[in-house]
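Below: one structure, written as structure tokens.
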2 protein chains.
Amino acid sequence: MTSKSDSNSGVERISDAEHAVMEVLWSDSPLSAADVCDVVCKERGWSIPTVKTLLSRLVTKGALDTTPDGRRYLYTPLIERSAYVGTESKRLVERLFGGRAAPLFAHLAESEALSADDIAEIERLLQEMKK
Amino acid sequence: MTSKSDSNSGVERISDAEHAVMEVLWSDSPLSAADVCDVVCKERGWSIPTVKTLLSRLVTKGALDTTPDGRRYLYTPLIERSAYVGTESKRLVERLFGGRAAPLFAHLAESEALSADDIAEIERLLQEMKK
DNA sequence: GCATTCAGATTACAAGTGTAATCGATAGCG
DNA sequence: CGCTATCGATTACACTTGTAATCTGAATGC
């Protein structure tokens, strides 16, 4: 199936640690390696070399683009967050619920992973979709 | 956070291939390695040794239990599917949507990953929850 | 009884990941 | 004009994962 929802095609799978880096750049880009580190290193207990490795790998994977800025690079996402989120969500639903989203919802509901806010919000979305 | 929803504690992370094996045993157990292979080997292009490796790793990880049966083992899940599904779903929601389920739902809706059936079903579940 | 067969156990081995250290060039500081 | 601080690039290295092959011991067929 190569449809429009396959919108991050060509990009290899992004790992967990790499994803953390992507999040930083999705929320603000372009950034240098040091900038990215400022945001995540503390939080994840990483050192700069680690961030640099992850950035390189993401460039290799085609998930990031680089712009020279003096003697360093600035990094920009090449794939959109929504595309990533889309394929990841779909993967999960596929793997765990045979592709059906309702069971996922049921499960979240049952395990009380849905807050009152979530429920209200989902109801609102449903109403909207019915128009 | 060690709460009731942390119900598969102690079990290391189950990989993708391992998960396929778990699914077989969740749908019917106890089974021998050969039995498991009968179900998945064709479908995933695996050979028996592969299944045996995965079974061993799952036993090591504490996800399966063994019962001797003659000179072979029968395998039984030690963790429940719902627990696994729960933690996996939560992981995703956590990672991608800051722990809120509504955005996940919104995303699925937007990407048309929700069938009409899904929507009807979710509506029904919502009604039920309101009681 | 002895060879064949079939179980699990042990070993293999490449790719991907997490987490860096080191190297080689260069841009500024003094 | 040379030294140092910094870049990115290269290399490292252990652990996990996918995917087996081989080994070893016991059961079974003859």
Next on the checklist: Given the structure, check if the side chain of B/Arg57 and the base of D/dG18 hold any donor-acceptor pair shorter than 3.5 Å.
Outcome noted: yes
Checklist entry - Got a salt bridge between B/Glu88 and B/Arg13, using NZ or NE/NH1/NH2 to carboxylate O under 4.0 Å? => result yes
Next on the checklist: What is the separation between atom CD1 on A/Ile48 and atom C1' on C/dG18, rounded to the nearest whole Å?
Outcome noted: 17 Å
Item to check | Sugar-phosphate only, base, or nothing, as touched by A/Ser32 at under 4.0 Å among non-hydrogen atoms | outcome: nothing
Next on the checklist: In whole Å, I'd like the distance from the NZ atom of A/Lys42 to the C1' atom of C/dT19.
Outcome noted: 18 Å
Checklist entry - With the threshold set at 4.0 Å, does a side-chain nitrogen-carboxylate oxygen contact exist between A/Glu121 and B/Arg100? => result no
Next on the checklist: For a quick check of understanding: with a heavy-atom distance under 4.0 Å over all strands, which category does B/Ser56 fall into, base, sugar-phosphate or nothing?
Outcome noted: nothing
Checklist entry - Given atom CG of B/Asp35 and atom C1' of C/dG8, what is their separation to the nearest angstrom? => result 15 Å
Next on the checklist: Within the 4.0 Å heavy-atom criterion, would you say A/Arg72 contacts the bases, only the backbone, or no part of the nucleic acid?
Outcome noted: sugar-phosphate
Checklist entry - Is B/Thr50 reaching over with its side chain to a backbone N or O of B/Trp46, donor-acceptor style, under 3.5 angstrom? => result no
Checklist entry - How many Å lie between CG on A/Leu58 and C1' on C/dT17, as a whole number? => result 12 Å
Checklist entry - Can you find a side chain N or O atom of A/Thr50 that sits less than 4.0 Å from OP1 or OP2 on C/dA20? => result yes
Next on the checklist: What is the distance, to the nearest angstrom, from the CG atom on B/Leu55 to the C1' atom on C/dT10?
Outcome noted: 16 Å
Next on the checklist: Using whole Å, what does the distance between atom P of nucleotide D/dT6 and atom CG of A/Asp69 come to?
Outcome noted: 16 Å
Checklist entry - What pair of heavy atoms forms the shortest contact from B/Ser89 to A/Leu108, and how long is it? => result CB-CD2, 4.3 Å
Next on the checklist: Nearest heavy atom decides the nucleotide; on that basis, is A/Arg13 or A/Thr53 closer to the 5' end of DNA chain C?
Outcome noted: A/Arg13
Next on the checklist: Nearest to the side chain of B/Ala17, heavy atoms from C-beta on, is which of D/dA20, D/dG8, D/dG18?
Outcome noted: D/dG18
Item to check | Whole-Å distance separating the CG atom of A/Leu54 from the P atom of C/dT19 | outcome: 8 Å
Checklist entry - Does C/dG18 have OP1 or OP2 sitting under 4.0 Å from an N or O in the side chain of A/Lys52? => result no
Item to check | Nearest heavy-atom neighbours spanning B/Ala106 and A/Leu125 | outcome: CB-CD1, 3.7 Å
Checklist entry - Any N or O donor-acceptor pair linking the side chain of A/Arg71 to the base of D/dT6 at under 3.5 Å? => result yes
Next on the checklist: Can you measure B/Lys61 atom NZ to D/dC15 atom C1' for me and round it to whole angstrom units?
Outcome noted: 11 Å
Next on the checklist: Any base atoms under 4.0 Å from A/Ser15, or only sugar-phosphate, or nothing? Heavy atoms, all strands.
Outcome noted: sugar-phosphate
Item to check | Out of C/dA9, D/dG8, D/dA20, whichever nucleotide has its closest atom nearest the side chain of A/Tyr75 | outcome: D/dG8
